[in-house]
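All remarks here apply to the structure that follows.
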Number of protein chains: 2
Amino acid sequence: MNELFSIGEFSKITGLTVKALRFYHERELLVPARVEAGSGYRYYDHDNVQAARAIVALRELGFSVAELADILADHQDEADIVEFLRRRKQQLAEQIETDRQLVANLDRIIQQETEAKALMSTPQFEVEEKQLPALLVAGIRMRGRYDECGPVFGKLCRALGRHIAGKCMCLYYDGEYREDDADFEPCVPVKRAVEMEGVAVRELPAGRCVSLVHRGPYQQLGRSYERLLQYVKQRGYQMQLPTREVYLKGPGMIFRGNPKKYLTEIQIPIEDS
Amino acid sequence: MNELFSIGEFSKITGLTVKALRFYHERELLVPARVEAGSGYRYYDHDNVQAARAIVALRELGFSVAELADILADHQDEADIVEFLRRRKQQLAEQIETDRQLVANLDRIIQQETEAKALMSTPQFEVEEKQLPALLVAGIRMRGRYDECGPVFGKLCRALGRHIAGKCMCLYYDGEYREDDADFEPCVPVKRAVEMEGVAVRELPAGRCVSLVHRGPYQQLGRSYERLLQYVKQRGYQMQLPTREVYLKGPGMIFRGNPKKYLTEIQIPIEDS
DNA sequence: CTTGACTCTCCCCCAACGGGAGGTCGTAGA
DNA sequence: TCTACGACCTCCCGTTGGGGGAGAGTCAAG
C-alpha cells in the first residue's frame, strides 16, 4: 500500500524521463513523497503517480510548466480549470489561424513558381489573341514613375493576405509611355470584395485582347509593346485602356531573382468586333 | 549609389532589431558590407538590404536561422527553393493537424465539465423511464474485475482520438454483481465505424430503459442499482442485458477528481411493451 | 567484498534573440 | 573647455524544457 518507487521505476511508470522528473522537482511541480536525507535519493508514492498523470495530460495539451504550477497549485478537479482550458483553446485556435495563413502564402509562392517553370521552357513567345474573363481585383491607383509600383505590391499582398486569388498585375491608363507622371494602378485579383482604406475593389470587364509574354527585365518591355502595337495596327484593331501587365514571374516575395528570367504578360484590350 | 548605412539606420530600413542584426552577423547570415577595423562599427549596403528582405520573408514563413543559412548560401531565386517551401508547408500542415486534435480534446473536456456542472445542481436524482436512441460504440470486451476498466478507457480515448462522439460508458453482460470474473465492455460512442485491432465497433440498439443518476463513488453504486431493480420489479418490467453505466463525471482525462462528486447514469434496458 | 546498475549534483548545450553593464567615439550645448 | 547625450561596440546572463555528460556516492545481489 505504502510502497515507494525510485526515480527510475517512477520514470518507467509515468513515461517521464529522469531528467524531467528532477526538473519538475526543482520547480516544485512534482515533489517526491520522500527524499532521503543522506543520499538525496528521490522516492515517489502513488499520489505522485496521480500528479504525474495530470502533468503529462496537461503538458500534452500544450500548457507550459509555469502554467502547470499555477493550475496544480490549487485545483484538483477538471471542473476548476475549465477557464484555463478555454484560454488554451483560444491560443491554439489563433496558432492554427496563423499557420493556415502561412500555408496559404507558401502555396501561392509554390504555385507561382511551378507555373513560371512550365512557361520558362517555351523557346519564344508570340502574339496571341484571347478572350479575358471578368476579373475581380483590388488595386491602388496612383501617379508617378512606373518603378514606384514595387513597394505597393508588397503593401497589397500583406493587406489582402488570404484573399488573393491570382498574380499581381498593373493597369496603365495612359495611351503612351510616360516617364514621370504616369497614371497606373497596381492591383491583385481577389476572391471576394474586401473593404480596406486606400484599396479599391472592382471588376475588370471581360473582353478580347492581344497578348504577348515578355521575357527579360522591365527596361526592355518597350520592345514587346512595339511588337504588340504593330500587330494591333496591322489588323486594324482598336486598342482600349487600361492596358494590363501580368507579372507571371518577377521580383518575388523572397528574392529579387534574376531580371533576365522575368516573365511579364502584356495584355492590350481590343474592341469586340 | 554606394552609400552605407549604420546599424541603427539599417535597422529602421529593414525592421530588424540591432540585436538581431548583430546575431545574424555572428551567424554569418547577413554580413555587413564593411566593418571598420578600429571601432568594429558595422556598415550595410544595398545588397544587404535585399538580403535582409529575403531573411525577413523567410523568417515570417517560419524557417529557422539554421535553415536560412542553408537556403541563402546557394540560392537567389524562389524557383530554387521550392523544395524547401514544400517541406515547410508539410511541417505546418502536420502542426495544424496536431493542434486541431488538441482543440478537439479540449473541447471534449470543456463540454463534459459544462454538462456535469449543470447536473451537479440537481438536489436528488430519481428513477426515470426513457427511450434510448441507437448508438454506435467502439468497445473492448473483457473479463476480470470491474476496476480494471479504468486504463482501458485511457487506451480507447487515445486510440480513437477525434472520432469520439460522447461520454465513456460500460456494458455489463452479467445479470448480477461479480467480484472477480465479470464480463463487461468499456466502450465509447463514435461518429463512424473505425477499424482498429482489439476494438469492436457496433451499434447498440435503440429501446426503452429505466435510468438513475448515481452521485458518489463507484463503491456505492450498489445502492442505486438496488433502487433501480426494485423499481423494475414493482412495475413488472423485464430487464435485459447488457445493462449500461454512462460516466457523466468520473476520473477525468487530467485529474482523478473527488469521488464524492462522481456522476454515473445507470441504464437498465427493459422490454418494449 | 566486489561489481554493476542507479542515483546524486553540477555544469554546459540548444534557439533566437532581449536586457543590461561597461567602454569608446563624436558632437552639441553651457 | 567641460559635460552630457546618442550611437555604437563587446561581453555576459536570462529565457523554455529539458538533454548530455562528468565525477562521485549509493544500493542490492553474488
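Convention: sequence-line order gives letters A, B, ...; per-chain numbering from 1.
- When each of Gly38(A) and Gly8(B) is assigned the nucleotide of DNA chain D with its nearest heavy atom, Gly8(B) is the one assigned upstream, toward the 5' end.
- To the nearest angstrom, P of dC9(D) lies 10 Å from NE2 of His25(B).
- Between the P atom of dA15(C) and the CD1 atom of Ile55(B) lies a distance of 16 Å, rounded to the nearest Å.
- Between Gln90(A) and Arg87(A), the side chains place no donor N or O within less than 3.5 Å of an acceptor N or O (distance only, hydrogens not considered).
- Spacing between atom CD of Glu28(B) and atom P of dA16(C) amounts to 16 Å, rounded to whole angstrom units.
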Does Val199(A) form a side chain to side chain contact (heavy atoms under 4.5 Å, CB included) with Val194(A)? I'd like the steps, not just the answer. CA-CA 9 Å; Val199(A) 179; Val194(A) 179; over 6 Å; no
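- Counted within 6.0 Å of NZ on Lys191(A), heavy atoms from surrounding residues, nucleotides or ligands total more than 12; the atom is thus considered enclosed.
- Between His46(A) and Phe5(A), the ring-plane angle classifies as perpendicular under the 30° and 60° cut-offs.
- Checking dA16(C), dC8(C), dT7(C) against the side-chain heavy atoms of Ser6(A) singles out dT7(C) as nearest.
- Protein atom CG of Leu4(B) is 16 Å distant from nucleotide atom C1' of dC8(D), rounded to whole Å.
- The distance between atom CZ of Phe23(A) and atom C1' of dT15(D), rounded to the nearest whole Å, is 11 Å.
- Using a 3.5 Å distance cut-off with no hydrogens or angles, the side chains of Asp99(B) and Gln95(B) do pair a donor with an acceptor.
- For Arg42(A), no side-chain nitrogen or oxygen approaches OP1 or OP2 of dT26(D) to under 4.0 Å.
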Scan nucleotides 18-28 of chain C nucleotide by nucleotide, 5' to 3', and note B when protein non-hydrogen atoms come under 4.0 Å of the base, S if they reach only the sugar-phosphate, - if neither. SBB--------
After noting the C-alpha distance and the side-chain angles of Glu78(A) and Leu85(A), does the key distance pass the side chain to side chain contact (heavy atoms under 4.5 Å, CB included) rule? CA-CA 9 Å; Glu78(A) 287 169 33; Leu85(A) 301 179; 5.6 Å; no
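- dT7(C) atom P lies 13 Å from atom CD of Glu36(A), rounded to whole Å.
- Computed from coordinates, the Leu21(B) CG to dA7(D) P distance equals 15 Å when rounded to whole Å.
- Look at CG on Leu30(A): it is 12 Å from P on dG18(D), rounded to the nearest Å.
- Nearest nucleotide to the side chain of Tyr24(B), out of dC8(C), dC17(C), dT10(D): dC17(C).
- At least one side-chain nitrogen or oxygen of Arg59(A) sits closer than 4.0 Å to the OP1 or OP2 atom of dG17(D).
- Between Tyr247(B) and Phe153(B), the angle of the ring planes goes over 60°, which puts this pair in the perpendicular group of the 30/60° scheme.
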